[in-house]
Amino acid sequence: MPDETIYQSMKNKGVSRRDFLKLSGLFAMALGFTKAPPFEESGLPTSLEFSPKVAEPIVRAMETKPRLPVIWLEFQDCTGCSEALTRSNSPTLSSLVLNTLTIEYHETLSAAAGFQVEEAKQQAMKKYAGQYILVVEGSIPVGEEALYCVIGGRTGEEILKEAAAGAAAIIAVGNCSSFGGLPKAKPNPTNAKGVWEIITDKPIINISGCPAIPEAITGVIAHYALFGTLPELDGLHRPKTFYGVTVHDRCLRRPFYEAGKFALSFDDEGAKKGYCLYKLGCKGPTTYNSCATIKWDAGLSFPIQSGHPCLGCSEPNFWDGGGFYQGQSAPLERPEVTAVGAAVAAGVVLGAGMAVANSNQKKAAEALKGGSK
Amino acid sequence: MNTQTMLELARGPIFYGALLFFIAGMLYRLVTVISLGWNKDLAKPRGDKATGVVKSFLRGGIIFPFFPREKAAYARNPIVYIAGGLFHLSLFIVVILGAAHMLVWKSLIGFGWPTLPLPIVDWMAAVGIIAMVALIVNRMVHPVMKLLTGVAEVLNWLFVFLPMITGYMMTHHMFLPYENLFVLHMMSINVLLVWIPLSRISHFMFYFFSRTIHGVEWGKRNAMP
Ligand code: SF4
């Protein structure tokens with residue numbers, strides 16, 4: 001029941017005050033708090049200096065804020081983002097989001113199925129109209145191709161628009177729902193789109209990534225639950241806390257990049273020594289995400305640490321952004337031999353034509369000179 | 001349009017088009033120049049033409065003012081001499097031996113080569129940029145150069161300078177986000193690629209012709225010891 005406060009509901013579930021305070025601290029850390037933004041409507045202090053008390057506003061918010069209903073829709077996706085979330089490295093955070101914040105509807109996690117769950121969703125949408133957070137996973141085919149994604153006899157486009165109408169805010173989780181992801185890769189057979197290309201009248205946050213980093217998902221949902229506002233976003237609607245700097249900026253292989261030491265294949269001496277993966281196609285320099293700092297699986301590792309170049313999965317159109325193993329500076333397309341041939345031929349023909357014209361002109365001029373003598 | 005889309009265009013179709021224009025344009029220039037023809041020898045050459053060519057190229061390589069013969073050229077305009085030389089050296093190091101640029105060549109011609117560490121390339125880029133600034137200032141204040149400077153010369157300078165400065169800003173994350181600078185860098189390259197065949201920057205190709213022709217003439221006249 002979203003009417004009780006977050007703290008109450010946790011208490012009812014047997015969470016001790018001590019654990020509650022610990023969790024608040026964890027939140028403060030996950031949200032990157034050293035200073036709280038001005039949350040006027042939350043009645044909290046508008047700024048706070050860095051101190052051990054940094055968790056205080058979180059504690060106060062959790063004690064006073066009602067639970068937040070969440071409706072989670074899936075369209076053209078692989079459920080990888082949900083998978084990542086349920087395997088989040090901060091289980092307390094994800095359990096908070098999954099259990100305490102009331103996920104009213106989730107295609108994969110809901111126990112009920114069929115028309116019953118559809119019914120439950122309709123009820124939730126009615127009951128919490130204007131209050132719930134809509135989380136979207138997967139891209140949405142639109143227009144005539146909308147038929148490529150049909151759930152319960154209705155197109156994804158229709159379902160999204162209906163659910164978006166009553167949402168307080170929309171969180172697009174993963175690259176597919178943010179920017180179209182894999183389904184949108186050329187030639188985009190299903191005419192897939194990201195949420196923000198379809199819904200334009202609601203606040204939308206993109207938590208891109210393939211999958212999205214679970215801490216970023218929970219962090220943003222928690223932020224909204226606690227403060228009733230969206231975190232600060234970048235130009236692509238991604239929360240700056242998690243997408244403020246590039247992977248390259250925080251990469252553990254960066255010193256090798258600077259020193260010009262590169263792995264040239266996946267099993268050469270450089271790869272074994274942990275050299276930079278730029279020449280193996282790393283997209284870290286243009287990819288904004290916190291893989292290099294939060295990492296995956298309880299901070300164990302992330303692709304670059306394990307020896308694989310960054311694919312740039314939190315950026316729009318990363319599937320079409322050049323070969324995964326081709327250096328990032330390389331042009332996207334290499335001209336076809338035929339195109340080069342055509343260019344060469346055009347140059348030669350035009351040149352020869354010009355040459356003939358020139359020589360004719362010269363001859364004519366000489367003839368004229370000869371004639372006038 | 002977001003930065004990623006712009007970047008895709010700048011690295012994709014626009015670059016593609018610019019490169020093809022460059023190839024066609026250079027071929028056009030090449031054919032027209034070659035078709036100007038070669039004067040027949042009306043008299044028996046006094047010396048060996050081939051030796052003349054070899055010497056001409058060797059002399060082209062001796063670019064240091066401590067060789068007495070170069071001293072005069074150096075003394076006439078030391079700024080052009082030093083800054084021009086450093087600019088070309090910088091260009092070679094950055095464009096051929098910089099890791100990012102080598103990958104461009106690799107993707108186009110299919111093979112790569114070892115590259116220099118970033119700090120070295122970076123310093124050379126800075127040297128190149130300073131040289132370019134010195135050259136344009138010299139152009140603007142030198143009484144003779146001023147007379148020789150028209151719109152085309154300024155554009156030559158600008159279209160070469162833009163890729164250099166945007167590339168430098170890009171490696172140092174100056175003023176704008178990396179991707180935006182990447183777009184600017186690629187677009188300035190695309191402009192340059194189109195401009196080269198239309199301008200005197202095409203001398204990178206014709207240099208070898210003029211050296212050869214001079215060598216032949218010197219050889220014929222036996223004018224070069
Ligand atoms: S591995 Fe990638 S992200 Fe890391 S330093 Fe090299 S290029 Fe940058």
Side-chain angles (χ1 to χ4, degrees), chain A residues 179 186 234-237 245-246 248-249 256-262 264 276 278-281 284-288 312 315-318 320-323 326-336 339-359 362, chain B residues 2-5 7-37 97-110 112 114-122 170-171 173 177-179 182 185-186 189 197:
Chain A
F179 309 128
K186 278 176 199 146
D234 71 4
L236 293 171
H237 286 213
V245 292
T246 62
H248 183 67
D249 282 336
F256 292 120
Y257 173 90
E258 301 290 337
K261 293 195 153 110
F262 300 99
L264 300 176
C276 169
Y278 186 79
K279 288 189 181 173
L280 290 174
T286 53
T287 304
Y288 288 81
E315 298 298 324
N317 307 341
F318 78 103
D320 301 320
Q326 185 188 41
Q328 168 161 53
S329 53
L332 286 189
E333 301 163 87
R334 167 188 182 169
E336 311 269 330
V340 174
V344 169
V348 171
V349 169
L350 283 176
M354 199 56 174
V356 171
N358 278 345
S359 96
K362 209 163 132 193
Chain B
N2 61 48
T3 315
Q4 291 289 334
T5 332
L7 187 54
E8 267 168 47
L9 284 177
R11 289 172 65 200
I14 301 182
F15 176 78
Y16 194 95
L19 190 64
L20 291 181
F21 183 90
F22 170 80
I23 294 173
M26 288 313 286
L27 257 298
Y28 168 82
R29 296 282 308 269
L30 190 64
V31 170
T32 42
V33 166
I34 289 178
S35 68
L36 288 177
L97 298 176
H101 293 139
M102 182 278 282
L103 290 176
V104 178
W105 294 109
K106 191 176 167 186
S107 82
L108 293 177
I109 56 184
T115 52
L116 288 173
L118 186 60
I120 298 179
V121 177
D122 195 39
M170 192 172 149
T171 22
H173 297 250
Y178 184 86
E179 323 76 81
F182 199 169
H185 187 57
M186 282 312 296
I189 295 290

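Below, read A as the first sequence line, B as the second, and so on, with proteins coming before strands; counting in each chain starts at 1. Model, not experiment: these values are computed from the prediction.
Only the side chain of B:Met102 comes within contact range of chain A, with at least one heavy atom under 4.5 Å from a heavy atom of that chain. With a 4.5 angstrom heavy-atom cutoff, B:Leu19 touches chain A only via side-chain atoms. Neither the backbone nor the side chain of B:Phe21 comes within contact range of chain A; no heavy atom of the residue lies under 4.5 Å from a heavy atom of that chain. For B:Pro13, the parts lying near chain A are the backbone and the side chain together; criterion is any non-hydrogen pair under 4.5 Å. Heavy atoms of A:Asn358 lying under 4.5 Å from chain B are absent altogether. For A:Leu264, no part lies under 4.5 angstrom from a heavy atom of chain B. In this structure, the portions of A:Tyr257 lying under 4.5 Å from any heavy atom of chain B include both its backbone and its side chain. Proximity to chain B involves both the backbone and the side chain of A:Ala339, based on heavy atoms less than 4.5 angstrom apart.
A 4.5 Å side-chain heavy-atom check between A:Thr286 and B:Phe182 finds at least one atom pair inside the cut-off. The closest side-chain heavy-atom distance from A:His248 to B:Tyr178 is not below 4.5 Å.
Atom CG of A:Leu332 is separated from atom CD1 of B:Ile14 by 11.0 Å, given to the nearest 0.5 angstrom. With values rounded to the nearest 0.5 angstrom, B:Thr115 atom OG1 is found 12.0 Å from A:Lys261 atom NZ.
For the set A:Glu315, A:Gln326, A:Lys279, A:Met354, the entry with the most heavy-atom pairs within less than 4.5 Å of chain B is A:Lys279. When each of A:Val340, A:Val356, A:Val348, A:Thr246 is scored by its heavy-atom pairs under 4.5 Å with chain B, the top score falls to A:Val348. Here A:Pro316 is the residue among A:Pro316, A:Ala355, A:Gly327 with the most heavy-atom pairs under 4.5 Å with chain B. Of the residues considered (B:Ala24, B:Pro197, B:Ala99, B:Gly25), B:Ala24 shows the highest number of contacts with chain A, using heavy-atom pairs under 4.5 Å.
Residues passing the salt bridge (charged side-chain N to carboxylate O under 4.0 Å, His left out) test with A:Asp320, sequence neighbours excluded: none.
A side-chain hydrogen bond (donor to acceptor under 3.5 Å, both in side chains) check over residues 21-32 of chain B, counting only residues at least two apart or in different chains, returns the pairs B:Arg29-B:Ser202.
No donor-acceptor distance shorter than 3.5 angstrom exists from the side chain of B:Arg11 to the backbone of A:Ser329, with no hydrogens or angles considered.
Annotation for A:Pro331 and B:Val104: closest pair CD-CG1, 3.7 Å, computed over non-hydrogen atoms. Here the shortest heavy-atom pairing between A:Ala259 and B:Pro117 reads O-CB, 3.3 Å.
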Item to complete: Start with the C-alpha distance between B:Leu103 and A:Tyr278, add both sets of side-chain angles, then the distance that settles side chain to side chain contact (heavy atoms under 4.5 Å, CB included), and finish with yes or no.
Response: CA-CA 10 Å; B:Leu103 290 176; A:Tyr278 186 79; 3.5 Å; yes
